[in-house]
Structures are given as C-alpha cells and as structure tokens.
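See structure below.
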Amino acid sequence: MAEYDLLVLNGLVVTADETGQFDIAVKDGKIAKLVPRGSLDGITANKTIDAEGGMVMPGGVDAHVHLAEPALFGKGKSADDYETGSRSAIAGGTTTLITFAPQRKTEPSLLAALAATHELAKDKCYSDYSFHLICSNAGPQAISEFAALREAGISSLKIYMTYEALQLKDSEILDVLFEARKQKIVTMIHAENGAIIDWTIKKLEEKKLFDPKYHVTSHPPVAEIEATYRAISLSSFIDVPILIVHVSSPSAAKHISDAQKRGLPIYAETCPQYLFLTRKDLDKPGFEGAKCVCSPPPREGEQDHEGIWQGLENGTFTVLSSDHCPFLYEDTTVGKKSVISAEYPNGHFKYIPNGCPGVETRMSLALSANRLKLQKFVEVTSTNAAKLYGLYPRKGGLVPGESDADLTVWYPDGMKEYQLTNSMLHHNVDHTPYEGRTIKQWPRYTILRGEVVWAKDEGGLVGKKGYGQFLQRDMSSLAGSMSKEEWNVENF
Ligand SMILES: *[C@@H]1O[C@H](CO)[C@@H](O)[C@H](O)[C@H]1NC(C)=O
Ligand SMILES: *[C@@H]1O[C@H](CO)[C@@H](O)[C@H](O)[C@H]1NC(C)=O
C-alpha cells in the first residue's frame with residue numbers, strides 16, 4: 001500500500017501567508033504534508049503530479065455565483081444550473097462555490113428557500129458548494145429563522161437596496177442587521193439606490209433612448225455611492241459586519257476605505273467586470289452591448305479600473321468574486337434577446353436580464369493581468385472568502401491536517417498564451433464578455449479533496465458530477481462586531 005494518495009511535486013506553492021518551493025502530500029482528501037522541495041523523494045503514492053515549476057495554490061473560492069435561479073424579475077432565467085455552473089468553476093480553478101438560495105417576496109420563509117435550493121444542487125455539483133440566503137421578505141418569520149439557518153450551516157445572507165422584487169426598506173434592513181448581529185451572520189448588501197435608478201430611467205425613456213448602452217447611464221455612480229454610504233451607516237448603527245458586494249465605483253470604495261479606517265467591520269467585494277470592462281463594451285452596434293449589461297454597470301475607463309485595482313492591493317476589497325450571473329444572449333424567451341420586439345428593435349436597456357458569466361474566467365483573467373502580488377491574489381480569490389464566510393481553514397488554505405486538498409496548479413510562467421473564446425469554456429452560456437482577450441495563464445490541474453477534477457492536457461474535465469459536497473459553514477473568522485456588549489437602544 002502506498003503511503004499517500006497523491007503527491008504534488010516541484011511547484012512554487014503560494015498561499016496567502018507564504019511563497020516557496022514546497023512539495024505536498026495528500027491523504028484522505030486532506031493536505032497531509034507541506035514540506036520543502038525534495039523532502040518527499042522516495043515516498044510512495046498512488047498518484048504523483050509534477051507541477052514542473054508552475055504555481056500551486058489553494059483552490060479558488062468564488063463566493064458570488066448565481067445558478068439555477070428562477071426569473072425573479074423580468075424574463076431572464078439562469079442559463080447555468082448546478083451541473084454546468086460547477087463544472088465551469090473547476091475548469092477555471094475554483095473548487096468551492098457559494099451560490100444563492102433566493103427567497104421570493106411572496107414567500108415568508110427562508111428555510112423553505114434553503115430546502116428548495118438544496119434540491120437543485122444535490123448530486124449535481126462538480127465543485128464543493130454552500131449557499132447565501134437571499135432575504136427579500138424580512139418579515140417576522142424570516143427573521144425568526146436566522147438561528148435555524150446557522151444550525152443548517154448557513155452563516156451569511158444577502159439583501160438588496162434596489163430592484164422592486166427584492167428591495168428592502170431601511171427599517172427592514174435594520175431588522176435584518178439586528179438579528180444578524182445576534183446570530184453572527186454576515187450580511188451582504190447590494191448597494192444601489194433604486195429610486196435614483198428608476199428616476200433616471202424615466203428621464204431616458206422621455207428622450208426615447210433605449211439602446212443597451214443607456215443601462216450604464218441609468219445606473220449613475222451616485223446611486224452606488226449614496227447606497228454604499230447608507231449601508232455603512234446602517235451597519236455601524238447596529239455594529240455588525242457587512243460586505244458590500246460587487247463594488248464598481250472608486251468613489252464608493254473610498255467610503256468603504258474610510259469606514260475601515262474608523263475600525264468598522266465593513267468588508268467589500270469587487271469583480272472582474274470592474275477591472276476589465278467599460279461603458280464602451282455596452283456601446284456596440286445593434287444589441288451586442290447587451291452581453292455586458294450587469295449591475296452596477298462597468299464604469300468609464302482606465303481611471304476607474306485603476307481605483308479598483310488599488311482597492312484590491314490595499315485591502316479595501318476583501319474578495320474578488322465573479323458575480324457569475326448567466327443569461328443566454330440569443331435566447332428570445334429567457335435570454336438577453338427576450339427584450340427585442342417590434343416596438344424596441346434594439347431592445348430596451350431597462351428590461352435586459354442583468355448579469356454576465358464569469359465563474360470560469362475569474363482567476364485566469366486576474367492572474368494574467370499580472371497586477372496583484374501572488375499572495376494577495378490567493379488572498380482575494382480564495383483565502384479571504386473562506387475566512388469571511390466561515391470555511392477557513394478547511395477551504396482557502398494549505399494547512400496540514402486541517403485543509404481539504406483543494407489545489408489549483410498553473411502552468412510555468414510564459415509557457416502558455418491563449419486567445420479566450422467562448423468555445424473553450426464549460427458553462428452553458430453562448431458568449432463571454434471577454435471574447436478575444438489574450439490570457440497568459442490557465443489552470444493545468446484542479447484538485448478537489450485530493451481528486452484531480454480538471455486536467456487540461458489529460459482529458460480536460462475529469463471530475464464526476466455529484467462529487468461536490470455541501471459545506472456546513474461556521475461563523476466568520478474575519479468579521480465580528482466592534483463591541484462585545486449587547487446592542488442597547490439607550491446608548492444612542
Ligand atoms: C491507493 O489506492 C488503493 C487502491 O485503489 C487504495 O486502496 C488506497 O487506499 C489508496 N491510498 C493509499 C494511501 O494507499
Ligand atoms: C485604497 O484604495 C481605495 C479604493 O480605491 C482608496 O479610496 C483609498 O484611498 C486607498 N487607500 C490608501 C491608503 O491608499
């Protein structure tokens with residue numbers, strides 16, 4: 001019998017804490033040893049991977065992914081289900097997904113939404129997975145279920161400050177944050193001011209401006225900036241951690257950075273679309289620009305991208321997630337083209353299903369940009385998400401005896417260059433917003449709990465549907481309230 005199940009040798013191992021020439025031994029799905037190169041010579045294993053000087057990192061953790069969601073508003077319906085979305089994830093080096101379990105406004109219970117989403121994911125996943133509950137009906141029943149969610153392994157919720165079908169009033173947001181504080185739940189907030197957006201849409205409609213590019217105009221930075229500041233204010237009143245999702249505007253990031261300097265437990269996320277896309281990507285002939293319609297929208301250009309990169313480098317952003325939100329482009333019933341009609345031959349920007357695919361391209365795009373220090377890259381694409389959402393050190397690290405053997409093995413630098421095309425990808429979407437871009441890296445192997453699930457040159461997708469497990473999550477190891485005292489209204 002062999003001593004180990006798997007050895008990964010000769011790689012440059014990069015974790016959030018260190019970089020070095022280490023060899024890795026895996027047993028029973030866990031990292032058993034992380035030792036200087038050469039220390040495992042002569043040791044027997046069932047399988048050995050020669051990483052040949054390529055980087056070896058903890059598998060990616062993508063904590064913002066929409067799969068198999070019904071049409072919550074408008075006509076758009078997720079193009080990816082748990083099978084196609086999670087297979088796309090592992091092909092792109094991501095071994096853990098946290099997706100959403102959406103509660104509808106007409107549904108009083110969060111636990112019902114959780115049960116329904118478990119059904120959609122069960123036996124379907126190539127990657128490991130968990131869910132954030134989307135709370136769009138913050139009535140007494142939903143609030144009373146937070147404790148039960150924690151027992152079910154769910155330690156995060158998402159709420160919206162915009163979209164009629166999902167939006168909570170400020171008083172409802174306070175109800176959510178108040179109970180989240182008691183139950184040690186991290187609340188993710190989509191921070192855009194819905195009233196500013198609706199008002200701007202009306203102004204554009206009065207001028208008969210309907211092309212996809214007006215989606216950007218209709219979501220002005222001020223809508224994001226105001227809502228971000230309000231979210232920070234509400235959370236600091238309750239003294240509870242929040243994460244502002246998909247921040248696109250450097251001015252919104254400035255509010256976040258200022259709050260962090262005051263010691264507030266405010267966390268933030270950004271996404272590749274705010275590093276690589278601009279308003280110009282929505283300003284294409286005909287309806288083409290609809291492919292890049294997402295909210296908040298890509299901003300003006302270089303300067304915005306620069307501000308967002310800076311926020312990643314200096315820690316304002318805790319995580320770089322994909323916000324994979326897949327819609328077919330050509331589909332005229334539930335895809336982007338569902339909004340084309342005789343009245344609106346180029347569609348109407350207001351009704352275009354909002355979202356872009358990106359779960360598979362997130363890590364390669366960000367690594368190819370060669371902008372972040374390697375340890376920072378690991379931190380924002382894997383480790384921090386695991387810490388923030390209660391999965392560390394099982395996920396997001398390479399801690400012997402504790403971490404699952406989830407690894408992304410890259411090619412040696414300079415060995416590969418690709419022109420990204422949609423046909424390379426494993427999602428169920430008919431386009432990628434990054435078509436034609438040059439990328440310098442792609443995962444050579446993805447390993448999940450010791451099993452090779454992606455081997456680019458040796459069969460590609462070799463994982464099994466259903467191998468992915470649901471992950472029970474604990475409270476955040478990153479975020480807590482500032483005060484240990486109970487919240488008391490008399491303090492104000
Ligand atoms: C190696 O493979 C054999 C046969 O499949 C299996 O029984 C064993 O548990 C594996 N692992 C080790 C460490 O031997
Ligand atoms: C960090 O980045 C944010 C977001 O771009 C910016 O507002 C802030 O000023 C930066 N902080 C430092 C210390 O550079």
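No experiment lies behind these values; they were computed from the predicted model shown. One is the number of the first residue; the rest follow in order along the sequence. Order of listing sets the numbers, starting from 1, for every ligand and every atom in it.
Not one N or O of M1 is nearer than 3.5 Å to an N or O of ligand 1, by distance alone. Considering backbone and side-chain atoms together, E3 places no N or O closer than 3.5 Å to any N or O of ligand 1.
To the nearest 0.5 Å, the span separating OG on S403 from CD1 on I31 amounts to 6.5 Å. Taken to the nearest 0.5 Å, the NE2 atom of H426 stands 10.0 Å off from the OH atom of Y126.
If you number the atoms of ligand 1 from 1 as listed, the ones under 4.0 Å from a heavy atom of Y4 come out as 13 (C). Distances below 4.0 Å separate heavy atoms of D5 from the following atoms of ligand 1: 10 (C), 11 (N), 12 (C), 13 (C). Near A2, meaning under 4.0 Å from any of its heavy atoms, are these atoms of ligand 1: 12 (C), 13 (C), 14 (O).
Residues with a heavy atom under 4.0 Å from ligand 2: A253, K254, S257, G307, Q310, G311, N314, T316.
Evaluation of the side-chain contact (heavy atoms from CB on, under 4.5 Å) rule for K440 yields S368, E417 as partners, not counting sequence neighbours. For Y467, there are no ring-ring contact (aromatic ring centres under 6.0 Å, His included) partners two or more places apart in sequence or in a different chain. For the side chain to side chain donor-acceptor pair (under 3.5 Å) test, residues two or more places apart in sequence or in another chain that qualify with Y160 are K158.
Ring-plane geometry between F100 and H132 is classed as tilted, the angle between the planes lying from 30 to 60 degrees on a 0 to 90 degree scale. Taking the six-membered ring for Trp and thresholds of 30 and 60 degrees, F237 and F492 have ring planes more than 60 degrees apart, a perpendicular arrangement. Using cut-offs of 30° and 60° for the angle between ring planes, the Y418 and Y411 rings count as tilted.
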